[in-house]
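Okay, so here's the structure we're looking at.
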Amino acid sequence: MVDQKPDNIYASPLDRVADFAFDDAVARVFPDMIQRSVPGYTTIIPMIGLITERYVQAGTNCYDLGCSLGAATLAMRHGLKDTPSKLIAVDNSESMVKRCEHYIELDNSPAPIELRCADIRDIEIENASVVTLNFTLQFLQQEDRLNLLKNISKGLKPGGVLILSEKVHFESPEEQQTLEALHYDFKKANGYSELEISQKRSALEQVLIPETIDDHKQRLLDSGFSEVQLWYQCFNFVSFLAIK
Ligand code: GEK
């Protein structure tokens, strides 16, 4: 069994808050961290399964890019039902991939999964019907985002989809302030202290760069998708469905 711990990484005062990294310490507490930090995460995961079920095409590949411990990967796997297809899950953090392997072993669905430790900017997307980027694009440099989305769109079959979930920011200062405050309340309600919230915010400042909903929609259209739907929003966290 994989050991899973509560997230207290930022609970004590740090002399210097280093940039956030997906290392062993984070991988060990990741399920707790993401559920307590990302509003809507526990709703989005099963919906990724449902979306996969609707859009998977027989004889194709499905990809989970930035799979971490495989929560979305396993939702996709269950969404495949009996449709013959292959799942490819990719993450460039060795700590995540090692643990993800265990979660996949514990899962009882027979659909094949190929787990790769690789940079999602370097992989070939081919013969794909469903691709998931669940809170991963936000960690790429902005200049790499368009290339990745073009690569995904090029590798998708007609009618194939990308599920893209992101933290976003808003042009309107009022909207930004209101929804950011509600996100803060969400973290407080989930037991994070003010110190934890503020140290984690500093750690992520240069690492997670949110963009606006309009920027995402426009870039998806520019990448070759024909339809983009915002299917989920909770405060400043959203998920899009982009159809090729
Ligand atoms: C979930 N999707 O549970 N190449 C490969 N992986 C990367 C790269 C990259 N260039 N950059 C970041 N990652 C998951 C949650 S977490 C989101 C995704 C979060 C990986 C990184 O190692 C981490 O595992 C993941 O993207 C982002 O549904 O922590 O907020």
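Both ligands and their constituent atoms are indexed starting at 1 by order of listing. Being a predicted model, the structure only gives us computed values, none of them experimental.
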Identity and distance of the protein heavy atom lying nearest [atom]:
atom	answer
atom 27 (C) of ligand 1	F135 O, 3.6 Å
atom 4 (N) of ligand 1	I120 N, 3.0 Å
atom 19 (C) of ligand 1	F139 CE1, 3.6 Å
atom 22 (O) of ligand 1	D91 OD1, 2.6 Å
atom 14 (C) of ligand 1	G66 O, 3.4 Å
atom 5 (C) of ligand 1	N92 N, 3.2 Å
atom 28 (O) of ligand 1	N134 ND2, 2.9 Å

Inter- and intrachain pairs under ring pair (Phe, Tyr, Trp, His ring centres under 6.0 Å), touching residues 192-224, at least two apart: H216-F240
Close-contact set for ligand 1 against [X] heavy atoms, below 4.0 Å:
X	value
L140	10 (N)
I45	28 (O)
Y41	1 (C), 3 (O), 28 (O)
A118	4 (N), 5 (C)
D119	4 (N), 9 (C), 10 (N)
S93	22 (O)

For [X] and [Y], which heavy atoms make the closest approach, and how far apart are they?
X	Y	value
N190	R36	O-NE, 2.8 Å
S223	L146	OG-CD1, 3.6 Å
R219	Q142	NH1-O, 4.5 Å

With respect to atom 16 (S) of ligand 1, which of S68, S95, S165 exhibits the smallest heavy-atom separation? S68
Would you say E114 has more than 12 foreign heavy atoms packed within less than 6.0 Å of its CD?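 More than 12 heavy atoms, drawn from other residues, nucleotides or ligands, come within 6.0 Å of this atom.
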Is it the case that atom CD in Q177 sees more than 12 heavy atoms from other parts of the structure closer than 6.0 Å?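 Atom CD in Q177 is not packed in, count stays at 12 or less.
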Please check if any side-chain donor atom of Q218 sits under 3.5 Å from a side-chain acceptor atom of D222, or the reverse. yes
Would you please say whether a donor-acceptor pair under 3.5 Å links the side chains of N134 and S165? yes
Within-4.5 Å side-chain heavy-atom neighbours: V26 and M96: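 When only atoms from C-beta onward are counted, M96 and V26 do touch, with a gap below 4.5 Å.
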